[in-house]
Amino acid sequence: MKTELFNEILNKVAEVTELDKESILHSNKEECTDARYILIQSLIRLGFTDTDMAALMGKSRQTIC
């Protein structure tokens with residue numbers, strides 16, 4: 001369930017920002033980090049923990065924090 005919801009939110013952020021999903025998750029360009037911030041804040045509001053997000057995004061928990 002969390003994976004499906006994560007993918008839905010990621011797809012919506014990609015659509016709205018007109019950035020590809022891989023760039024949102026991995027690029028350090030300013031527009032990508034801004035989009036990643038939107039993604040993370042959206043997930044927090046839905047009850048995702050930093051550990052959940054780290055696992056789904058392939059990053060460390062410290063990076064998410």
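The figures here come from the full heavy-atom set of this structure, side chains too, leaving out hydrogens, waters and symmetry mates.
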Distance-only donor-acceptor pairs under 3.5 Å for side chains of residues 37-48, two or more places apart:
{"unit_1": "Ser42", "atom_1": "OG", "unit_2": "Ile38", "atom_2": "O", "d": "2.8"}

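- Of the residues Arg36, Lys29, Glu31, the one that meets the side-chain contact (heavy atoms from CB on, under 4.5 Å) test with Leu19 is Glu31.
- Tested against Met57, the residues Ile24, Leu25, Leu10 include a single side-chain contact (heavy atoms from CB on, under 4.5 Å) partner, Leu25.
- When all heavy atoms of Ala35 and Thr17 are compared, the pair lying nearest together is CB-CG2, 4.0 Å.
- Side-chain atoms of His26 and Lys59, non-hydrogen and from C-beta on, do get closer than 4.5 Å to each other.
- Taken to the nearest 0.5 Å, the CZ atom of Arg61 stands 4.5 Å off from the CG atom of Asp50.
- More than 12 heavy atoms of other shown residues, nucleotides or ligands fall within 6.0 angstrom of atom CD in Gln62.
- Distance check: Met53 CE to Lys2 NZ gives 9.5 Å after rounding to the nearest 0.5 Å.
- In summary, of the residues considered (Asn11, Leu56, Asp52), a side-chain contact (heavy atoms from CB on, under 4.5 Å) with Phe6 occurs for Leu56 alone.
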